[in-house]
Amino acid sequence: MIDAVDHRLIAAVQAGLPITARPYAAIAEDLGLSEQDVIQRLSRLRAQGLIKRWGVVVKHRQLGYRANAMIVMNVPDERVADVGALISQQACVNLCYQRPRQGEVWPYNLYCMIHGKSREVVLEQWAVLRHDCALAAYPYEVLFSRRCFKQRGARYSAPAEAANDPPNRVERDAVVPAACEWQNV
């Protein structure tokens, strides 16, 4: 069960923490709470599963990582969990996940992302990964991103809505993951 203060707190943190030495204290001041109350409420919301994940959105392009490859593979269903677990442990892999195939149009069911400062670096990492994880038997494509549209976490309410205590009015905004255009190499 969450209350109006929780709604206001969620609205306050969903766009990111203030960049300050004590971000929870800054949020607490804005909401008229104590820093400890903010931390306890966030911990409770997380324990309840209402805040599923607490993470960082890294703007990798600003850090010089401009070559981003989504590697898609067609792995036999009986092997996909093991292969995915192996790939996800590799240092060069940022994420790895399974998705259903889309018939003959899109036969791939395992995806992984490699970020690098150049295409050459990413392709070298892919070659090592492919060798070390024994992926040679699986059909694949390497798709480099051409353009990155936006990176942000989910938004569930606007601060103005939360301030008006509308527990029934809080609407789920569209989740906008990093969206990119992809290009085959």
Side-chain angles (χ1 to χ4, degrees), residues 1-72 81 84-85 87-100 110-117 121-122 125 143-182:
M1 184 73 175
I2 62 174
D3 60 21
V5 175
D6 291 332
H7 282 279
R8 291 175 43 223
L9 180 57
I10 291 169
V13 299
Q14 69 184 353
L17 298 178
I19 299 177
T20 176
R22 297 182 61 193
Y24 300 112
I27 293 168
E29 184 176 332
D30 289 345
L31 298 178
L33 303 170
S34 71
E35 181 180 25
Q36 190 59 36
D37 194 24
V38 165
I39 293 169
Q40 287 175 343
R41 282 178 178 269
L42 289 172
S43 296
R44 179 179 43 80
L45 293 169
R46 175 121 194 223
Q48 291 175 330
L50 295 171
I51 294 177
K52 189 174 181 180
R53 191 168 77 87
W54 201 248
V56 175
V57 174
V58 176
K59 295 186 176 180
H60 56 273
R61 288 177 182 259
Q62 293 177 6
L63 295 173
Y65 291 85
R66 297 184 174 278
N68 313 301
M70 173 69 72
I71 299 160
V72 295
I87 289 173
S88 66
Q89 295 173 10
Q90 307 305 308
C92 67
V93 174
N94 300 94
L95 65 127
C96 181
Y97 55 94
Q98 179 182 5
R99 287 213 168 148
L110 188 62
Y111 298 66
C112 75
M113 175 71 79
I114 298 175
H115 295 287
K117 292 190 175 182
V121 167
V122 169
Q125 290 174 319
L143 308 169
F144 278 97
S145 61
R146 295 187 326 173
R147 190 168 137 200
C148 192
F149 294 102
K150 191 168 197 169
Q151 288 181 285
R152 71 170 210 190
R155 302 284 200 274
Y156 293 93
S157 65
E161 290 176 338
N164 293 329
D165 186 21
N168 295 325
R169 288 189 47 226
V170 175
E171 296 177 8
R172 185 176 173 175
D173 192 6
V175 175
V176 182
C180 297
E181 284 182 4
W182 302 97

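Values in this document were obtained by computation on a predicted structure and should not be read as measured data.
When I114, L143, I87 are each tested for a side chain to side chain contact (heavy atoms under 4.5 Å, CB included) with I71, only one passes: I114.
Distance check: L9 CG to Q14 CD gives 10.5 Å after rounding to the nearest 0.5 Å. Summarising the geometry, atom CG belonging to D37 is positioned 6.5 Å from atom CD belonging to Q40; distances are rounded to the nearest 0.5 Å. In this structure, the separation between NZ on K52 and CZ on R46 is 11.0 Å, given to the nearest 0.5 Å. Taking CE of M1 as the start and CG of L50 as the end, the distance is 11.0 Å to the nearest 0.5 Å. Note that CZ of R41 is 12.5 Å distant from CD of Q36, once rounded to the nearest 0.5 Å.
Ring geometry, Y111 versus Y97: the interplanar angle falls under 30°, so the pair is classed parallel (tilted spans 30 to 60°).
Shown here is L63, whose CG atom has more than 12 heavy atoms of other residues, nucleotides or ligands within 6.0 Å.
Contacts of K117 classified as side chain to side chain contact (heavy atoms under 4.5 Å, CB included), with partners at least two apart in sequence or in another chain: Y65. The salt bridge (charged side-chain N to carboxylate O under 4.0 Å, His left out) search around R66 returns none, not counting sequence neighbours. Under the salt bridge (charged side-chain N to carboxylate O under 4.0 Å, His left out) criterion, R99 pairs with no residue at all, not counting sequence neighbours.
R8 places a side-chain N or O within 3.5 Å of a backbone atom of L31 that can act as its donor or acceptor partner. Remark: side-chain polar atoms of D6 are paired, donor with acceptor, to backbone N or O of D3 under 3.5 angstrom.
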Give the intermediate values and the outcome of side chain to side chain contact (heavy atoms under 4.5 Å, CB included) for residues L42 and I27. CA-CA 11 Å; L42 289 172; I27 293 168; 5.6 Å; no
Show the numbers, then the answer: is there a side chain to side chain contact (heavy atoms under 4.5 Å, CB included) between N68 and R61? CA-CA 9 Å; N68 313 301; R61 288 177 182 259; 3.4 Å; yes
Check the pair Q48 / I2 against side chain to side chain contact (heavy atoms under 4.5 Å, CB included), numbers first and verdict last. CA-CA 10 Å; Q48 291 175 330; I2 62 174; 4.0 Å; yes
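Side chains of L17 and W54 form a contact here, defined as non-hydrogen atoms less than 4.5 Å apart.
Taking all atoms of both residues into account, the shortest heavy-atom contact from V122 to A67 is CG2-O, 3.4 Å. C112 and V93 get closest at one heavy-atom pair: CB-CG1, 4.0 Å. Between C96 and G84, the shortest heavy-atom distance links the atoms SG-O, 3.7 Å.
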